[in-house]
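In what follows, every chain begins at residue 1, and chains take the letters A, B, ... in the order their sequences are listed. All values reported here derive from a predicted model rather than from experimental measurement.
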Amino acid sequence: ELKVEQNPLFLSMQEGKNYTIYCNYSTTSDRLYWYRQDPGKSLESLFVLLSNGAVKQEGRLMASLDTKARLSTLHITAAVHDLSATYFCAVETGTASKLTFGTGTRLQVTL
Amino acid sequence: ETGVTQSPTHLIKTRGQQVTLRCSSQSGHNTVSWYQQALGQGPQFIFQYYREEENGRGNFPPRFSGLQFPNYSSELNVNALELDDSALYLCATSVGGFTGELFFGEGSRLTVL
């Protein structure tokens with residue numbers, strides 16, 4: 001059974017600081033997704049990583065994928081309060097292409 | 001806005017009752033997946049429908065069932081509700097089985113008392 005683990009589970013960081021969220025998964029997959037979720041809201045797609053070595057950047061967020069290590073990272077540069085949310089990674093598996101989500105990382109950016 | 005509409009947004013049921021949740025997809029999105037998200041957890045895959053047939057199922061009992069209609073809209077039905085069914089139910093659509101991105105609706109929050 002595929003397991004997807006994120007760490008840390010909770011991250012409190014000051015505005016202007018940098019940090020990285022890690023996503024490890026237990027079986028082979030070439031597709032990994034990052035989503036953002038605000039409290040009480042649905043999931044917003046951030047990045048789709050489709051191959052080993054893929055790197056994507058949008059604003060202060062950058063995601064990368066290492067399929068050999070079964071690891072993806074979400075790097076936050078110079079955090080701002082608006083980035084406060086829960087971030088999920090999700091791994092695609094199986095013929096139905098279902099997504100298995102990680103436990104989520106709750107990010108709180110403080111002044 | 002993803003163009004995926006779910007209804008109702010909130011509902012309260014009692015144990016043993018049945019519930020139907022609905023999802024309308026974006027134009028051209030012929031694949032619908034349903035996920036259950038319990039409070040404080042990541043979403044869990046329930047099942048996927050493609051061309052009106054179930055195309056994969058997660059670890060959910062048969063009392064969770066679904067339908068997809070010719071216009072690609074979908075329903076999720078849950079019978080014999082249990083307290084643990086309380087969750088946010090998310091519908092996600094995509095094109096052609098799967099093309100690398102899911103578009104999620106705002107969800108239906110179900111509370112079972």
Side-chain angles (χ1 to χ4, degrees), chain A residues 1-10 21 23-27 29-51 54 56 58 63 65 72 74 85-108, chain B residues 1-7 9-10 21 23 26 29-51 53-60 66 68 87-111:
Chain A
E1 182 187 335
L2 171 63
K3 292 198 185 304
V4 181
E5 293 183 345
Q6 288 181 234
N7 69 84
L9 298 183
F10 178 73
I21 299 170
C23 173
N24 292 273
Y25 53 98
S26 61
T27 63
S29 174
D30 288 332
R31 296 173 181 253
L32 189 136
Y33 308 83
W34 284 96
Y35 290 90
R36 168 183 171 144
Q37 187 174 40
D38 292 297
K41 300 292 186 182
S42 187
L43 297 168
E44 175 190 352
S45 177
L46 295 175
F47 300 108
V48 181
L49 303 170
L50 299 177
S51 61
K56 290 197 174 178
E58 180 75 32
L65 177 62
S72 180
L74 180 66
T86 298
Y87 293 84
F88 290 98
C89 64
V91 176
E92 178 189 328
T93 57
T95 55
S97 300
K98 73 175 188 179
L99 295 186
T100 301
F101 282 79
T103 45
T105 296
R106 187 173 154 222
L107 173 66
Q108 185 175 58
Chain B
E1 289 289 330
T2 62
V4 181
T5 306
Q6 291 187 243
S7 63
T9 54
H10 295 83
L21 308 177
C23 173
Q26 277 198 47
H29 282 205
N30 57 14
T31 303
V32 178
S33 304
W34 286 91
Y35 287 79
Q36 179 196 65
Q37 186 179 21
L39 197 62
Q41 298 183 21
Q44 285 194 291
F45 176 76
I46 303 175
F47 44 56
Q48 182 184 83
Y49 278 82
Y50 175 60
R51 292 182 175 176
E53 298 214 352
E54 189 177 290
N55 183 40
R57 188 178 184 94
N59 190 25
F60 281 81
Q68 187 181 30
L88 180 68
Y89 288 86
L90 295 165
C91 162
T93 70
S94 58
V95 175
F98 201 82
T99 60
E101 188 170 9
L102 293 179
F103 296 87
F104 282 87
E106 291 296 311
S108 294
R109 185 165 296 284
L110 170 65
T111 302

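Residue A/Gln37 touches chain B through its side chain alone, counting heavy-atom pairs closer than 4.5 Å. Heavy atoms of B/Gln37 lying under 4.5 Å from chain A belong exclusively to its side chain.
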Audit row: A/Lys56, A/Glu58, side-chain contact (heavy atoms from CB on, under 4.5 Å) steps and yes/no: CA-CA 7 Å; A/Lys56 290 197 174 178; A/Glu58 180 75 32; over 6 Å; no

Criterion side-chain contact (heavy atoms from CB on, under 4.5 Å) on A/Tyr25 and A/Cys89, from CA distance to verdict: CA-CA 10 Å; A/Tyr25 53 98; A/Cys89 64; over 6 Å; no

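Surrounding CZ of A/Arg36 are more than 12 heavy atoms belonging to other residues, nucleotides or ligands, all under 6.0 Å away.
Contact count versus chain A (heavy atoms, under 4.5 Å) is highest, among B/Gly107, B/Gly40, B/Gly42, B/Pro43, for B/Pro43. Contact tally against chain B (heavy-atom pairs below 4.5 Å) for A/Ser42, A/Gly102, A/Gly40: the top residue is A/Ser42.
Of the listed residues (A/Thr105, A/Thr86, A/Asn24), just one forms a side-chain hydrogen bond (donor to acceptor under 3.5 Å, both in side chains) with A/Gln6, and that residue is A/Thr105.
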